[in-house]
Amino acid sequence: MKILIINAGSSSLKYQFMDSVSGEVYAKGLCERIGLDGRLTHKVPGRDNVVEDIAMPTHAEAMAAVMDILVDPVKGVIASTDEIDAVGHRVLHGGMEFTASCRVTEEVCAAIERCIPLGPLHNPANLMGIRACQKVMPNTPQVAVFDTAFHMTMPPKAYIYALPYEYFENDNIRRYGFHGTSHRYVSARAIELLGGKPGLRIINCHLGNGSSLSAVVDGKCVDTSMGLTPLAGVPMGTRTGDIDPACLQFIMNKYGYDVDTMLNICNKKSGVMGISGVSSDFRDLETAAEQGNERAQLALDKFAYEVRKYIGAYAAAMGGVDAIVFTAGVGENSAEMRARVMEGLEYLGAKLDAEANRVRGQEAVISTADSKVTVLVIPTNEELMIAQDTAALCQ
Ligand code: ADP
């Protein structure tokens, strides 16, 4: 089936038009500055990119612009929007309401709306994306795919926070976890590569600009590092990861910050960017560290150390580990970071093969033949998962 995938943000809308079986991408692009002025960047493999300024007061105009360019006789890839068999939407927060992808109905929209307090920045935008598609393609089936859904198999001891229980009961405050579509894709792929043995214990390291780890037993998530929001877990490009919440009280009192200012610092100015003062981009940090920048080196050391600690924690939680998977921008591309993370994990039975670890952006086993734990690089493909879910629910 030909599936259009939509990832709507507050002022942006990413799209990818692809085949759910072959994985072939026909076209993809991005609408930016929605609500301000509007710009569309459209990419078709083998052709020059198209960049157009188009007025986009709301997501509806952005969606109409995407439809127009997809059917444009010169820039487009289809003759009519009828060739779009279904639309798959990436939705950030499914709260306790969604444990899997589902067809979009009015009840589903109402449930996504009920999850807005849990995902206040993303869920309203995701809903706008759905509404915009309903407007321009009223007869095309739509599917919602949730970033949280894969993690809903976690047991209560993994998802409960040690807060008074009433906040869980009354307000659904708990660990949810994100990047679920990526964790689901790479763990399924790892199980396939390892011959589909039952009971496999896998630790997924999705290391990108945002990073999260998950512990997966027999294909089901049993723990993950992000929490109620994507702010928790390991340090990230600009997010703190886990810190003592009393740090916030101290800083807010001393500098007179309100909660929003403080959380903005935690989300946008912290992580490896905050420690290094150089960049949130790991390539810049590696370059700066090579040139002797000590804070860039410290940021990289801190990141690798916290990822390694989570691997140790998840091995303990699962009573061992059979495979460790690296994925996303840093996990797929940085041999240095993979080596740094794996340093000292020999006690777990995980031995990295320095030669095999030189790969970039391709599927590979990077552990030695005698390593008890198989270490893998698996490029993630969230779009393909969304396309497959959408096709399966619309056939
Ligand atoms: P996002 O979370 O935005 O989807 P990605 O998964 O695309 O992020 O990861 C982006 C990160 O990957 C950036 O910090 C970038 O520096 C890093 N990255 C990409 N290529 C390399 C590389 N060759 N070496 C080190 N880091 C890399």
Side-chain angles (χ1 to χ4, degrees), residues 5-16 25 28-30 32 41 43 90-92 119 121-122 125 145 147-148 177-186 189 204-214 224-226 229-241 267-291 293 296-297 299-304 306-307 325-342 357-364 366 377-386:
I5 296 158
I6 299 294
N7 184 358
S10 54
S11 66
S12 69
L13 186 149
K14 286 190 204 136
Y15 62 95
Q16 180 157 317
V25 177
K28 62 179 177 179
L30 167 70
E32 293 168 281
T41 307
K43 302 178 183 179
R90 181 175 180 177
V91 181
L92 181 84
L121 297 179
H122 294 82
V145 178
D147 250 33
T148 49
F178 299 87
H179 294 142
T181 312
S182 172
H183 288 286
R184 178 156 64 103
Y185 176 80
V186 297
R189 193 70 199 117
N204 294 314
C205 309
H206 176 114
L207 311 179
N209 197 21
S211 295
S212 68
L213 284 87
S214 66
T224 190
S225 59
M226 283 179 166
T229 75
L231 190 50
V234 295
M236 306 178 208
T238 61
R239 297 190 191 118
T240 55
N267 270 306
K268 306 256 170 78
K269 302 197 168 150
S270 302
V272 291
M273 169 74 223
I275 295 175
S276 67
V278 170
S279 173
S280 62
D281 191 298
F282 282 75
R283 284 163 293 197
D284 297 343
L285 291 173
E286 284 177 4
T287 308
E290 275 162 28
Q291 291 165 350
N293 186 312
Q297 186 61 56
L300 292 170
D301 288 346
K302 172 72 177 170
F303 180 78
E306 295 298 333
V307 173
V325 180
F326 286 94
T327 193
V330 180
E332 291 167 25
N333 294 302
S334 176
E336 289 85 354
M337 185 50 75
R338 290 191 299 258
R340 236 186 271 259
V341 166
M342 294 304 298
N357 185 38
R358 282 171 201 234
V359 289
R360 268 185 68 175
Q362 69 190 67
E363 234 168 57
I366 57 168
V377 174
I378 302 180
T380 193
N381 197 340
E382 293 163 273
E383 289 78 16
L384 182 64
M385 278 263 90
I386 296 175

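Keep in mind that the numbers below use all heavy atoms, side chains included, and drop hydrogens, waters and symmetry copies. One-based numbering, in listed order, for ligands and for the atoms of each. Note that this is a predicted model, so its numbers are computed, not measured.
Looking at Val330 and Glu286, their side chains never come closer than 4.5 Å, going by heavy atoms from C-beta outward. Taking 4.5 Å as the limit, every side-chain heavy atom of Val272 sits out of range of all side-chain heavy atoms of Lys302. Using a 4.5 Å cut-off on side-chain heavy atoms (C-beta onward), Val186 and His206 make no contact. When side chains are defined from C-beta on, Met236 counts as touching Met226, because their heavy atoms get closer than 4.5 Å. Looking only at side-chain heavy atoms (C-beta outward), Ser211 and Val307 stay at 4.5 Å or farther from each other.
Enumerated by chain and number, the residues approaching ligand 1 to less than 4.0 Å through a heavy atom are Gly208, Asn209, Gly210, Ser280, Asp281, Phe282, Arg283, Ala328, Gly329, Val330, Asn333, Ser334, Arg360.
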| task | Go through the steps for Arg189 and Glu363 under the test salt bridge (charged side-chain N to carboxylate O under 4.0 Å, His left out), then give the verdict. | result | CA-CA 10 Å; Arg189 193 70 199 117; Glu363 234 168 57; 2.8 Å; yes
